[in-house]
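Structure record follows, encoded as structure tokens.
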Amino acid sequence: MKSISCTTPQAADLTSLAALADPAFSFGVATAAYQIEGGATEGGRGPSIWDHFSHTPGKTVNGDTGDVACDHFHRWREDLDLIAGLGVDAYRFSIAWPRVQPAGQGAWNPEGIGFYDRLVDGLLERGIQPHVTLYHWDLPQALQELGGWGVRDTAHHFARYAEKMGRLLGDRVSSIATHNEPWCTAFLGHQLGKFAPGLQDWALATQVAHHLLLSHGLALQAMRADGVRAPLGIVLNQSPAHAATDSAADQAAAASARRGFVDWFMDPIFKGCYPEDAGEQRAPLQVAPGDMACIQQPLDFLGLNYYTRIWCSAAQPPVPAPCVEGVNDMGWEIHPQGLEELLLDNQRRYGHLGLPPLHITENGMPEADVLQDGAIHDPRRIEYVRSHLLAVARARSQGVDVRSYFYWSLMDNYEWDSGYAKRFGIVHVDYATQTRTLKDSAHWYRNTIAALRAGSGHG
Ligand code: FCB
């Protein structure tokens, strides 16, 4: 992989990125509540499944928890200044449901609601568009004890929570997404047990996926009935699935991966049905009459999170992915071309089915960044962002309506079961002192955005 240590964008890159200079295209950074907030027992917040999971011995690297994380709950003002200093247009964050409604039903917590109210105002005061995600994996633990996403009631509780937040923030924020990556909630949380609530039950995971989709549909209906003005949508993690060879087995493996990972969520939303060839095991256990129509709500936008492609080899041992552009600190292949392919695929497969404008709601990479003399040189991350932005620009030039790119993440944070070991930020966090330091990639991102804006005549 080519290494760029310079924090100034090259002229040739700016020319190739011209399709993103449009003032209607937003550059942003993203975070999620449990990964940055801390203040886990403060301000009336109730426990979430991630508090429970991370405090269970053996579930996370080093037993790390999000108790303190980046202490954003206390440092949010300086963090908003940091975001403003990056010169980005937009900030994507999530609301911790147990902070605003500690038990997930019943009483609201005014202190928690006030926190997000002030956060949104703080962003607007700094000229930054707020993009809200309602569920980034931190279900109130009290609801888990009643069956969590395995029971339908949770979908109805979620819709009431969405309605409440929509009413509070819907006239000030630039978008509201119901879920972040429901595939992860369902399958990493309930089939593989890698994420909270740490269950390993295939049938349950499938039912959970259905209830998540149902809760999305119910939430959209509730917010629209209430007159919420912000664009409403959902965020899905997607990857193109590539067969290692032309063999029938590899081709079948790739088709099956795509169905499970992409179509399982896209088809209900855009076609009102599950993929026909998904196989018996994939069939949701209980689909009530009306569920599919409820899930198939028109979207105002679709958020896509892209990190890597899925490489499918049925051989034993498997044929390894080529990894021409290298592998990141998570062991994920770096494959920028996959982002362009994904955007074009969405357009081709769902464009005639009401596909709304797209946002790249997450894209980024971790590195074992080291602070040296007050600086962090992360040339591989610069190249990662650069190459993925070029992929977005190519897709836009080919007619795909992509409206934004959010780098994951604003700052190093609690990376779920990997704890604090993986650093995705363009801002370095020293967890002992909570000092934030801009990495070279942050300077490059800021300089690139500024140069594109200057070149397009919009300051
Ligand atoms: C995504 C998650 C996000 C972060 C990145 C690395 O799947 O949405 O919270 O963990 O991966």
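Sequential numbering from 1 along the given sequence is applied to the chain's residues. In listed order, ligands and their atoms are each counted from 1. The model shown is predicted, which means the values in this text are computed figures rather than measured ones.
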message: Taking the cut-offs as 6.0 angstrom to the six-membered ring centre and 45 degrees off its axis, would you call R349 and F270 a cation-pi pair?
response: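 No, R349 and F270 do not form such a contact.
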
Compare all side-chain heavy atoms of T154 with those of Q144 and state whether any distance is below 4.5 angstrom.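 T154 vs Q144: side chains apart.
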
| task | Check whether any side-chain heavy atom of W50 lies under 4.5 Å from a side-chain heavy atom of T65, and answer yes or no. | result | no

Please step through side-chain contact (heavy atoms from CB on, under 4.5 Å) for the pair F93 and L119, ending with a clear verdict. CA-CA 10 Å; F93 64 96; L119 189 71; 3.6 Å; yes

_side-chain contact (heavy atoms from CB on, under 4.5 Å) partner of P130, the single match among L123, D121, I176_ =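 That would be L123; it is the only one of L123, D121, I176 passing the side-chain contact (heavy atoms from CB on, under 4.5 Å) with P130.
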
Taken in chain and number order and not counting sequence neighbours, the residues that satisfy salt bridge (Lys or Arg N to Asp or Glu O under 4.0 Å) with K164 are none

Ligand 1: which protein N/O atoms lie under 3.5 Å from its N/O atoms?
from, atom 1, to, atom 2, distance (Å)
ligand 1, 7 (O), E181, OE1, 2.5
ligand 1, 7 (O), E181, OE2, 3.0
ligand 1, 8 (O), H136, NE2, 3.3
ligand 1, 8 (O), N180, ND2, 2.9
ligand 1, 8 (O), E181, OE1, 3.4
ligand 1, 8 (O), E181, OE2, 3.4
ligand 1, 8 (O), E362, OE1, 3.1
ligand 1, 8 (O), E362, OE2, 3.0
ligand 1, 9 (O), Q35, OE1, 2.7
ligand 1, 9 (O), H136, NE2, 2.8
ligand 1, 9 (O), W416, NE1, 3.0
ligand 1, 10 (O), E415, OE1, 2.8
ligand 1, 10 (O), E415, OE2, 3.1
ligand 1, 10 (O), W416, NE1, 2.9

